[in-house]
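The shown structure was predicted, so the numbers you read here are calculated from the model rather than taken from an experiment. When a ligand or atom number is given, it counts from 1 through the structure's own listing order. The basis for the numbers below is simple: all heavy atoms, side chains too, and nothing from hydrogens, waters or symmetry mates.
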Amino acid sequence: MRLFTTTAGLLCYLERYRNGKDVGLVPTMGALHRGHFSLIERARQENNLVIVSIFVNPLQFGPTEDLQRYPRQLEADQQQCERLGVDAIFAPTVVEFYGNHLSSSDMGIQVTQVVPPTSMTSVLCGRSRQGHFQGVATVVTKLLNLVQPERAYFGQKDAQQLAIIRRIVADLNGSVEIVACPIVREASGLALSSRNQYLTPAQRAQAPILFQALQQAQKVFKSGEREGMSLIETVKSELAGVSELQVEYVELVHPKTLTPLEQVEDCGLLAIAARLGTTRLIDNILLYNRQPIVAIDGPAGAGKSTVARRVAQSLGLMHLDTGAMYRAVTWRVMEAGIDLDNESAIAELVSQSQIYLTNEPQAESALTPQDSLPLRYRVWIDGEDVTQVIRSQEVTGNVSAIAAQPAVRRELVKQQQQWGCQGGIVVEGRDIGTHVFPDAELKIFLTASVQERARRRQQDLKDQELPIVSLEQLEQDIQQRDIRDSTRALAPLRKATDAIEVVTDGLSITDVTEHIVNLYRTLQAIPLSLEV
Ligand code: AMP
């Protein structure tokens with residue numbers, strides 16, 4: 001592992017070692033704990049090079065805040081990073097990072113700063129921490145410009161920071177993917193934070209009240225309460241149980257826009273800031289007002305699409321057929337007469353196209369004999385019904401070339417996520433649980449041994465009266481495909497850490513469907529577990 005304290009050193013390292021590899025950046029202020037580790041571990045899984053920045057950024061501290069006493073422990077942090085397989089730490093001094101322009105008294109007026117929308121900085125922590133998010137926006141933008149990572153990792157713990165950074169990247173046309181990681185907590189429920197070090201033992205025993213209050217509100221929410229006032233009151237009355245706690249705010253906002261909500265429509269962020277003595281604590285939970293999302297990922301040949309369709313039928317949910325979406329845009333591109341390798345023209349066309357699917361729950365009897373196209377299953381693109389034509393040989397022949405184009409994928413993931421807002425869908429693919437719907441309530445990783453998949457493939461060939469390929473050859477092909485799928489840059493196959501693995505060797509489609517349906521029903525019956 002390398003340690004760089006200058007931008008020159010870091011840039012030189014990146015020039016030398018990047019070579020087209022994916023870079024993941026984890027920005028931190030150091031004093032690393034398990035919360036940070038979870039970000040680093042995720043970055044390690046998803047990238048070839050992992051850079052952790054450690055920089056206590058003066059621009060994001062107010063004049064009366066804890067800049068001087070903020071914990072600094074570079075040596076211990078270095079050891080942890082080494083253990084976690086980090087490739088390089090970037091830990092510049094203030095002068096190295098900002099030049100000589102930043103003096104402690106002028107609040108950065110001589111430094112170019114990034115100003116996020118006021119609507120996002122005037123709520124929650126922004127009310128009391130004037131200039132804080134401008135400081136965060138500036139440091140993060142500088143780090144992103146320097147490292148130019150493919151992905152950058154942030155904790156849901158700082159939900160306002162996360163929303164603002166996402167917005168900045170979108171508004172300034174950044175190309176980095178912002179990856180949100182769940183809050184890591186102590187067994188008591190207290191969210192890990194570098195500032196927890198300031199708490200006395202007595203305060204540490206009181207601090208879990210924040211999470212307990214949020215859990216109480218979640219219970220009330222689950223019983224049907226959607227009114228912001230009532231949810232906020234629930235939190236406040238719980239917090240009142242610790243008289244030493246000075247509550248700064250309890251607010252309900254939309255997690256993306258941070259607009260205050262009178263009631264939870266699709267999703268709400270319920271957030272608290274409070275002080276115990278001089279220590280400021282924050283915590284939050286997301287409240288989803290939607291039916292669950294079932295995300296099914298797994299290698300080729302594990303039976304994902306049939307299982308997804310059957311699970312959707314059994315549960316009365318929509319099967320969001322992402323394959324049909326790729327087929328629809330392929331048809332649209334062919335219809336428009338655009339060359340398949342004219343990626344920019346395809347990107348323009350696809351970004352202006354709207355796909356619409358209907359796939360209401362079907363009785364088994366309503367299925368066509370091939371069990372592939374339920375009667376009410378329809379696919380439209382730009383107002384045209386393409387349900388049948390997208391199954392043509394021509395579309396089948398071209399769909400993988402189109403699906404491999406990053407712009408096409410970006411647009412379709414966006415459209416899939418729009419469907420996800422209402423929930424109640426079953427989706428299958430390779431990175432649905434890790435990338436498209438990381439918040440899915442039920443994640444399944446459907447797999448089968450290479451031998452079993454080869455056997456199934458051979459049976460398919462027989463059924464379709466196609467030339468038979470030997471099992472050895474099929475096994476080799478499958479192994480190679482698995483390696484390709486899990487190492488490719490675009491939508492690599494990965495099991496989400498919170499996915500349930502279902503090995504389908506020796507199980508029928510009906511067995512697998514039943515198993516997933518039961519998992520879903522269990523999930524409905526018990527309150528969602530929170531990250532502990
Ligand atoms: P900080 O060092 O406090 O600036 O945090 C660096 C990153 O770690 C931010 O993206 C935080 O949101 C994230 N982080 C801090 N604490 C936690 C936690 N308990 N769980 C998950 N992420 C966290």
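Considering backbone and side-chain atoms alike, Asp158 places an N or O below 3.5 Å from some N or O of ligand 1. Considering backbone and side-chain atoms together, Leu39 places no N or O closer than 3.5 Å to any N or O of ligand 1. Here's the thing with Phe154: none of its N/O atoms is less than 3.5 angstrom from an N/O atom of ligand 1. The N/O atoms of Cys181, backbone and side chain alike, include none that comes under 3.5 Å of an N/O atom in ligand 1. Ligand 1 has no nitrogen or oxygen under 3.5 angstrom from a nitrogen or oxygen of Ile183.
Each of the following atoms of ligand 1 lies closer than 4.0 Å to a heavy atom of Gln161: 9 (C), 10 (O). Atoms of ligand 1 lying under 4.0 Å from any heavy atom of Pro27, numbered from 1 in the order shown and given with element: 6 (C), 7 (C).
For the pair Arg185 and Phe211, the cation-pi test (distance below 6.0 Å, angle within 45°) is passed.
Using a 4.0 Å cut-off between a side-chain N of Lys or Arg and a carboxylate O of Asp or Glu, Glu411 and Lys414 qualify as a salt bridge. A salt bridge links Arg18 and Glu150; the closest N-O separation between the charged side-chain nitrogens and carboxylate oxygens is under 4.0 Å. Salt bridge annotation for Asp498-Lys443: present, with a cationic side-chain nitrogen under 4.0 angstrom from a carboxylate oxygen. Using a 4.0 Å cut-off between charged nitrogen and carboxylate oxygen, Arg290 and Asp439 do not count as a salt-bridge pair. Taking a cutoff of 4.0 Å between a charged side-chain nitrogen and a carboxylate oxygen, Arg195 and Asp66 qualify as a salt bridge.
Relative ring orientation between Phe97 and Phe55 is described as tilted, the plane-to-plane angle lying within the 30° to 60° band.
Counting heavy atoms of neighbouring residues, nucleotides and ligands inside a 6.0 Å radius, atom NZ of Lys21 exceeds 12 of them.
At the shortest separation from atom 1 (P) of ligand 1 among protein heavy atoms lies His36 NE2, 3.6 Å. The shortest contact between atom 21 (C) of ligand 1 and any protein heavy atom is with Pro182 O, 3.4 Å. If you check which protein heavy atom lies closest to atom 10 (O) of ligand 1, you get Gly155 N, 2.9 Å. Taking atom 15 (C) of ligand 1 as the reference point, the nearest protein heavy-atom neighbour is His33 CE1, 3.9 Å. Nearest protein neighbour of atom 3 (O) of ligand 1, counting heavy atoms only, is Tyr70 OH, 3.9 Å. Taking atom 4 (O) of ligand 1 as the reference point, the nearest protein heavy-atom neighbour is Met29 CG, 3.6 Å.
The closest heavy-atom contact to atom 20 (N) of ligand 1, among the options Val136, Asp283, Val184, comes from Val184. Of the listed residues (Leu192, Ile54, Val179, Asp77), the one carrying the non-hydrogen atom nearest atom 19 (N) of ligand 1 is Leu192.
Taking both residues in full, the closest heavy atoms of Leu252 and Gly228 are given as CD2-CA, 3.5 Å, listed atom of the first, atom of the second, then distance.
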Where do Lys495 and Asp431 land on the salt bridge (charged side-chain N to carboxylate O under 4.0 Å, His left out) test, with the steps shown first?
-> CA-CA 8 Å; Lys495 176 176 172 293; Asp431 64 346; over 6 Å; no

